Amino acid sequence: MSDSENREGFSGRSEQNSYESGEVSGLDFIRETITRDVNAGKYGGRVRTRFPPEPNGYLHIGHAKSICLNFGIAEEFPNAQCNLRFDDTDPAKETPEYVASIKEDVSWLGFDWEDRLYYASDYFEQMYEFAVKLMKRGKAYVDSLTPEQIQEYRGTLTEPGRASPYRDRSVEENLKLFERMRAGEFEEGAHVVRAKIDMNASNIHMRDPAIFRIRHVSHHRTGDKWCIYPMYDFAHCLSDSIEGITHSLCTLEFEVHRPLYDWILDQLEVHHPQQIEFAPLNLTYTVLSKRRLTELVEGGIVDGWDDPRMPTIAGFRRRGYTPAAIREFCRRVGVTKFTAQTEMALLEHCIREDLNKHAPRRMGVLYPLKVVIENYPEDTEEELEAVNNPEDPSMGTRKVPFSKVIYVERNDFREDPPRKYHRLAPGREVRLRYGYFITCQDYVKDENGEVVELRCTYDPETRGGQAPDGRKVKGTIHWVSAAHALDAEVRLYDRLFMTPDPTDVEEGEDFKQNLNPESLQCVGAKVEPSLQDAEPGYRLQFERQGYFCVDPDTNPEGKVVLNRTVSLKDTWAKIEKKQRQG
RNA sequence: UGCCUGGUGGUGUAAGGGUAGCACAACUGGUUCUGGUCCAGUUAGUCCGGGUUCGAAUCCUGGCCAGGCAACCA
């Protein structure tokens, strides 16, 4: 340490000390910036963030990243708060239904906006006044070019734009026109209010961007009060300013908008939050753009926004994901400016980790194969004690009924077992989970050559799973008693797309070509009777299979419907695959 | 071709002039009444070239590559 001081001289010393104090080391760049700002007393040391969705679709896992960031920061910094604000400035697309779904999803994720629920539409009057102020200062004007002309005048990425002939209208004329726009005297597209900045700017967003346009459309909250609506760039920075936001966090695509964000607030001389951009989430084997998700829903490719295959919050909820798992995923993903591709495997790891600790274990047979235990008495049944969760003894035990005829998993028997297969096969002995050792004596095939029934014998001495003579079995399999089993509809979900990046397609081709035709498979399963009264949303593990969740489609009088959240890791499947390949 | 941003194992991230670390994935092995969990271990990385420095992932410089930006959408 003293060596380094000798070599370093004085430059940067105090900076380095602040790093070494550990206050920012290890933080993501946004939390680091905020920490510095707080320490420097910027904004009076205050921290205020916001989550600003547009209510024009359902929230997805990418939004969860933003929610966890914004609300997470509010929890971490002293006295910090996060607002929920609906960015509802395009009445044609926004609905109260989307507002409701977004509120539900944010609170389901575990965040609370308390009394800070806001809408950009709350500020329409103020925004109108701000536009007037800009006009009075000669910094905005009413343009009467057609949309096509405006586009033409804007220039391109490499060529500068040209000034509209209306650019130098007098303040009085601008004000008068703007008033008449508000009064509804004009058709949509007849006029638009533009900020007067610089038609030669290399950043296209600074070439006199539109800030108010005419829309004769009812708004989901303001009804027909307005027929002019502010544009995103105008509304967003001013909403942030009005709410006293300190750090306005958004995704990378808004980076080029920041000069405009800053320009508007500077011109108006109002509270000026700092916009900081981070990379949006990309997940393998799915799509996360609102446009594509909407296409899947409207094209009937999935069964609504909450289809368990959808990467929406509602979809994951229905699939059986927990808020804690999603929050943990967002934490592990981190926050950077680098465009990343996060693997779905990480999300799956997070849900397995959570459910392994908390989900009760049950037995369910997905592809039932009948087994008759020949030496078990005909008219007897008994109850075997089963552990609810080996990870958590406090979850106790339950009784599982056992009788002469049971079901086991179809692939837990092989006529001709491959190497390393240690389940049932002719002459092989296995343990029934929490039950007896059984040995396969014979099997029955139907006319198609399908094995339809096993004839086994059991060893009465092995009740509970241990043999008094100390002999071991290689395999333990799950089962349900045929006489007691419940019929269940089990929906086995797999990834929606077959390729890691579904949007990576040849020119002229569509991402939907990469859809996985087997993303949903429904099976008629036999499950243990304890699931009789399971409520929708109930999560469990079917031993040796995976984690499942009772679907809202479950009807109290009908069959229970279960969604597979995620399968258990399957080492045997890997071995088998390797055997087949090599 | 203009502007902005960014490049650390297969993937996601940390290291803020001083031993390139963690997690996921993959692969070994051990434990196990779930081929789960758990435990131990292995493989594998600083985009490239110059420069500054005793020392560079880090600072400078020149390339290369990638992403974003031309709604009266957000």
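Since this is a predicted model, take the numbers as computed values, not measurements. Letters go in sequence order (proteins before strands), and every chain restarts at 1.
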Between the protein and nucleotides 5-7 of chain B, which nitrogen or oxygen pairs come in under 3.5 angstrom?
none

query: Considering Watson-Crick and G-U wobble pairs with both distances under 3.5 Å, what does A57(B) pair with?
result: none
Distance-minimising heavy-atom pair for G364(A) and E409(A): O-OE1, 3.9 Å
- line: If pairing means Watson-Crick or G-U wobble with both distances under 3.5 Å, then the partner of G21(B) is U13(B)
query: With rounding to whole Å, what would you report as the distance between G7(B) and A14(B) at their P atoms?
result: 10 Å
Protein-nucleic acid N or O pairs under 3.5 Å, nucleotides 20-24 of chain B:
| from | atom 1 | to | atom 2 | distance (Å) |
| --- | --- | --- | --- | --- |
| A23(B) | O2' | R332(A) | NH1 | 2.6 |

message: Looking at C72(B), I'd like to know if its phosphate oxygens (OP1 or OP2) sit under 4.0 Å from a side-chain N or O belonging to R154(A).
response: yes
statement: Scanning both residues in full, the closest heavy-atom pair of E188(A) with V217(A) reads OE2-CG2, 4.0 Å
field: Pair partner, G41(B) [Watson-Crick or wobble, under 3.5 Å]
entry: C27(B)
query: Heavy atoms under 4.0 Å, any strand shown: does Q466(A) hit a base, just sugar-phosphate, or nothing?
result: base
field: Is_stacked (H422(A), G35(B)) at 5.5 Å, 30 deg
entry: yes
- request: Tell which nucleotide pairs with A66(B), taking only Watson-Crick or G-U wobble pairs whose two distances are both under 3.5 angstrom.
  value: U5(B)
- prompt: Is the ring centre of W572(A) under 5.5 Å from the base ring centre of G35(B), and are the two planes under 30° apart, so that they stack?
  reply: yes
message: Is it the case that the side chains of R362(A) and H478(A) hold a donor-acceptor pair, with the cut-off being a distance below 3.5 Å and no angle test?
response: no
message: Looking only at the aromatic ring of each residue, does the gap between the centers of F254(A) and Y232(A) stay below 6.0 angstrom?
response: yes
query: Rounding to a whole Å, what distance do you find between E253(A):CD and A74(B):C1'?
result: 9 Å
message: Are F124(A) and Y229(A), when compared by the centres of their aromatic rings, separated by less than 6.0 Å?
response: yes
- prompt: When the ring planes of Y128(A) and F178(A) are compared, do they come out parallel, tilted or perpendicular, using 30° and 60° as the limits?
  reply: parallel
R352(A) (side chain) and G36(B) (base): donor-acceptor pair under 3.5 Å: no
task: For the side chain of E391(A), starting at C-beta, report the closest nucleotide among C72(B), U13(B), G36(B).
output: G36(B)
- line: P55(A) and V99(A) have their tightest heavy-atom pair at CB-CG2, 3.5 Å
query: Counting side-chain heavy atoms from C-beta on, which of A14(B), A26(B), C69(B) comes nearest to K574(A)?
result: A26(B)
query: Which whole number of Å gives the distance between the C1' atom of C47(B) and that of A56(B)?
result: 16 Å
message: Using the P atom as the point on both nucleotides, what is the distance between A70(B) and C59(B), in whole Å?
response: 31 Å
message: When both hydrogen-bonding distances must be under 3.5 Å and the geometry is Watson-Crick or G-U wobble, what is U32(B) paired with, if anything?
response: none
